[in-house]
Asker: 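First the structure, which I've put down as structure tokens, then a few questions once you've had a look.
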Number of protein chains: 2
Amino acid sequence: MVRFIGNIDAKMDEKGRVFFPAVFRRTLQKEGDEALMIRKDIHQNCLVLYPKSVWNQQLDELRSRLNRWNAQQQMVFRQFVAGVDELPIDGNGRILIPKRLQQMAALQASVRFIGMDDTIELWAKETADSLLDNPAALGETLEALMDF
Amino acid sequence: MVRFIGNIDAKMDEKGRVFFPAVFRRTLQKEGDEALMIRKDIHQNCLVLYPKSVWNQQLDELRSRLNRWNAQQQMVFRQFVAGVDELPIDGNGRILIPKRLQQMAALQASVRFIGMDDTIELWAKETADSLLDNPAALGETLEALMDF
DNA sequence: TTTTTTGTGGGGAATTGTGGGGAAATGTGT
DNA sequence: ACACATTTCCCCACAATTCCCCACAAAAAA
């Protein structure tokens, strides 16, 4: 079971290249998983990186719940799959973020990787910082969720 | 059950390394737990150290209650893991505090470890000192909580 | 006092991260 | 088909950080 942990700040150069953090690369290799998939998050303004095996797994799960003859459900599936790219790691250990996705997530020079269990999220640093600005709300939600 | 007790002052060097107090290390080892997790406290201006097993337990607990396809619940999970890092103990028994977190907690050379039951807090010494100045509020809260 | 454990400091190698040049590949319009 | 711009890829150089090692001070134990 893959488990990415940690938060790494990095810089994207003008060419759209970002060093893929060594911690995560090790985690990836430990799973014998080399390839990454990238897509825009459905809800949030960030990018999601999947080890290919995790991606396939989620795809299977989704597919199994959808009726392929139902137009609306088929549309959901299409939206999920469309816009996904494979993301090779270059000789320097860097990844190249497609322009399309850079814009979608409003990535500037400063970005942040966030280990999210079995996926990794990639945020514009400024956007990520503002995430942590709402401790009160989080506190309440957590309190409600974990109350037992 | 882990239970950390005590206040220990220590010094952080220019590289951001701090000796992890021997008392706590023993407690940790007694649990067969080697690794630590670190994050900024949600409410206070300090850092929290979790034995990895405690952290994983909380994470699993949370994960099992959340639906990853639900935007709001995914956000809760994200906020929970955002800012967390793994914190290995080096050959000298020291930990290396990530720059990002040093700044968040305004750590200088003088720091203080505070045993908080199953976690350990790490404060800038000056900040910790000024906290003890408010016994009145503590009294009230305790009174309200323990009234039965 | 001597020995052991705990805590501080620093040098330097190895790894990680950043930047840029320019060749190859791809796409665009004429 | 051709010239041109854009994007991708492969290479090198270097800066920054982390890791590993050793030395030693300070405190506690023997």
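Keep in mind that the numbers below use all heavy atoms, side chains included, and drop hydrogens, waters and symmetry copies. Being a predicted model, the structure only gives us computed values, none of them experimental. Lettering of chains follows the sequences in order, A, B, ..., and the numbering in each one begins at 1.
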Asker: Under 4.0 Å from OP1 or OP2 of C/dG9: is there any side-chain N or O of B/R94 that close?
Answerer: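 No.
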Asker: Which nucleotide span of DNA chain D, 5' end to 3' end, has atoms closer than 4.0 Å to non-hydrogen atoms of chain A?
Answerer: D/dT7 to D/dC12
Asker: Can you work out whether B/K99 or B/D90 has the more 5'-proximal nearest nucleotide on DNA chain D?
Answerer: B/K99
Asker: Less than 6.0 Å separating the ring centroids of A/F80 and A/W55?
Answerer: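 Under 6.0 Å, so yes.
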Asker: Rounded to the nearest Å, what distance is computed from the CG atom of residue B/L96 to the C1' atom of nucleotide C/dT16?
Answerer: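 Interatomic distance, CG of B/L96 to C1' of C/dT16: 13 Å.
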Asker: Using a heavy-atom cut-off of 4.0 Å across all strands, would you classify A/R100 as base, sugar-phosphate, or nothing?
Answerer: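 No contact at all - A/R100 keeps every heavy atom at 4.0 Å or more from the nucleic acid.
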Asker: With a 4.0 Å cut-off on N to O distance, would you call B/R68 and A/D118 a salt bridge?
Answerer: yes
Asker: Look at B/R112 together with B/E121 and state whether they make a salt bridge at an N to O cut-off of under 4.0 Å.
Answerer: no
Asker: Whole angstrom is fine here: how far is it from CZ in B/R17 over to P in C/dG9?
Answerer: 9 Å
Asker: Taking only the side-chain heavy atoms of A/F19 (C-beta and beyond), determine which of C/dG7, C/dT16, C/dG20 contains the nearest atom.
Answerer: C/dT16
Asker: Rounding to a whole Å, what distance do you find between A/K11:NZ and C/dG17:P?
Answerer: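 Atom NZ in A/K11 sits about 14 Å away from atom P in C/dG17.
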Asker: Mark yes or no: A/R63 above the aromatic ring of A/F77, with NZ or CZ under 6.0 Å from the six-membered ring centre and no more than 45 degrees from the axis.
Answerer: yes
Asker: Need one value for A/R25: base, sugar-phosphate or nothing, where a base atom within 4.0 Å counts as base even if backbone is also close, heavy atoms only.
Answerer: nothing
Asker: Nearest to the side chain of A/K15 - C/dG12, C/dT18, C/dG21?
Answerer: C/dG21
Asker: Rounding to an integer number of Å, can you tell me how far B/M12 CE sits from C/dG9 C1'?
Answerer: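 Computing the B/M12:CE to C/dG9:C1' distance gives 14 Å.
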Asker: As a test of reading the structure: which of C/dG10, C/dT6, C/dG9 is closest to the side chain of B/N92, going by heavy atoms?
Answerer: C/dG9
Asker: Check this for me, if you would: do B/R100 and B/D85 make a salt bridge, where the nitrogen-to-carboxylate-oxygen distance has to be below 4.0 angstrom?
Answerer: yes
Asker: Please determine whether side chain to side chain contact (heavy atoms under 4.5 Å, CB included) holds for the pair A/L28 and A/L36, giving the CA-CA distance in whole Å, both sets of side-chain angles, and the decisive distance to 0.1 Å.
Answerer: CA-CA 9 Å; A/L28 203 58; A/L36 286 173; 4.0 Å; yes
Asker: State whether B/R26 places a side-chain N or O below 4.0 Å from either non-bridging phosphate oxygen (OP1 or OP2) of C/dT6.
Answerer: yes
Asker: Given atom NZ of A/K125 and atom P of C/dG17, what is their separation to the nearest angstrom?
Answerer: 16 Å
Asker: Given side chain to side chain contact (heavy atoms under 4.5 Å, CB included), test A/L49 with A/F20 step by step and report yes or no.
Answerer: CA-CA 11 Å; A/L49 308 181; A/F20 186 68; 4.0 Å; yes
